[in-house]
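Comments concern the structure below.
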Amino acid sequence: MSETETTTEVADPKVLLAHHLKKLKLPTILAEYDKQARLCAEQGIDHPRYLLRLAELELIERERKMVERRIRAAKFPAPKSLDSFDFKAIPTLNKLLVLELARCAFVARRENIIALGPSGTGKTHVATGLGLAACQKGMRVGFVTAAGLVNQLSEARDEKRLLRLQTSLAKLELLIIDELGYVPLSQIGAEMLFEVISQRYERGSTIVTSNLPFEEWTSVFGSERLTGALLDRLTHHVHILEMNADSYRLKQSKARKGKRIG
Ligand code: ADP
Ligand code: MG
């Protein structure tokens, strides 16, 4: 008998069925069909509904794995979601706007987000939360620090694979560039970073976090002309998150110390 021949008279249909389901890449149906058949028989569920149940289980599992893959590929520093974010700690941040952004329509519209504020105010946490939300919607996300990205770009340039890296960055629906401003960039570094942001303009979303107000971005990029051109692209369709508060980290450690003394 040929492999694909259908028959009801196979000695052990389960062996062949397992083979076919593997070939069709339906591992969940393979794992579940026996158990579900028993459950459906007990509950008097008919064949179309039995099949529907199996198809649904396969789809759910496939989606779960895809989201897992997206999260792994994004390389978040820590998988912090907005659920654990205390909006009361930072009154300057528009909670409704952040929750709306977490629905990720801004990614579909290829809009950008810039989160500005001093260290420890939750910029990385919020950016990660938004990135996780996008992964959960099946979107391709990447998380990098500005310095890390410039390093990656420099290495790629030295190894003559800059174009490949640029192409893979351009494929991301959402790129998060964290910590712009902590280290000044070399001229070539600034130019390469500009190129990445430029290539994403109206093609993909970018989230940038920075401890520096826009007026001081020139000190990072070195050139006023480059900074102007970059801000022009980045802020054309942008949501600004003002994150001005005392450092959450500092507050927490003070509160802990206070408890210990008191
Ligand atoms: P930033 O990137 O602005 O320097 P982070 O996002 O790294 O700040 O925040 C510092 C630490 O404090 C992280 O562990 C973060 O999860 C936590 N944190 C900051 N703000 C909040 C907040 N409003 N609610 C809960 N955790 C917060
Ligand atoms: Mg940070």
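Atoms within each ligand, like the ligands themselves, are counted from 1 in listed order. Worth knowing before you read on, the calculation uses all heavy atoms, side chains too, and leaves out hydrogens, waters and symmetry mates.
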Could you check which of [options] puts a non-hydrogen atom nearest to [atom]?
atom	options	answer
atom 9 (O) of ligand 1	Ser210, Gly122, Ala115	Gly122
atom 16 (O) of ligand 1	Glu179, Lys88, Lys123, His125	His125
atom 25 (C) of ligand 1	Ala127, Pro77, Ser84	Ser84

Subject >> Separation between CG of Leu230 and OG of Ser198, rounded to the nearest 0.5 Å >> reply: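 Here the interatomic distance stands at 8.0 Å.
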Subject >> Between CE on residue Met243 and NE2 on residue His125, distance to nearest 0.5 Å >> reply: 9.0 Å
Original post:
Same cluster or not: are Leu185 and Leu175 linked, directly or through other Ile, Leu, Val, Met, Phe, Trp or Tyr residues, by side-chain heavy atoms under 4.5 angstrom apart?
Top reply: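 Yes.
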Original post:
List-wise, which protein N, O or S atoms are found short of 2.8 Å from the Mg ion (ligand 2)?
Top reply: Thr124 OG1
Original post:
Nearest protein heavy-atom contact for atom 12 (O) of ligand 1: which residue, which atom, what distance?
Top reply: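 The protein heavy atom lying closest is Tyr248 CD2, 3.5 Å.
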Original post:
Can you tell me which residue and heavy atom of the protein come closest to atom 24 (N) of ligand 1, and the distance to 0.1 Å?
Top reply: Asp86 N, 2.7 Å
Original post:
Checking salt bridge (Lys or Arg N to Asp or Glu O under 4.0 Å) for the pair Glu68/Arg64: CA distance, chi angles, key distance, verdict?
Top reply: CA-CA 6 Å; Glu68 246 177 28; Arg64 195 187 61 76; 2.9 Å; yes
Original post:
Is there a donor-acceptor pair under 3.5 Å between the side chain of Thr92 and the backbone N or O of Glu242?
Top reply: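 Side chain of Thr92 to backbone of Glu242: a pair is present.
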**OP:** Give a yes or no answer on whether the side chain of Arg200 reaches the backbone of Leu172 with a donor-acceptor pair at less than 3.5 Å.
**Re:**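 Yes, Arg200 side chain to Leu172 backbone: donor-acceptor pair under 3.5 Å.
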Original post:
What's the verdict on side-chain hydrogen bond (donor to acceptor under 3.5 Å, both in side chains) for His236 and Glu111, showing C-alpha distance, side-chain angles and the deciding distance?
Top reply: CA-CA 8 Å; His236 187 192; Glu111 294 164 354; over 6 Å; no
Original post:
Does one side chain, of Thr124 or Asp178, offer a donor that lies under 3.5 Å from an acceptor on the other?
Top reply: yes
**OP:** Kindly give the heavy-atom pair with the smallest separation between Cys40 and Arg53, and that separation in Å.
**Re:** SG-NH1, 3.9 Å
Subject >> Geometric N/O contact Phe85 with ligand 1, under 3.5 angstrom >> reply: no
Original post:
What about Ala89: any of its N or O atoms under 3.5 Å from an N or O on ligand 1?
Top reply: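 No, no N or O pair falls under 3.5 Å.
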**OP:** Between Ala78 and ligand 1, find which residue part has any heavy-atom pair under 4.0 Å and reply side chain, backbone, both or neither.
**Re:** neither
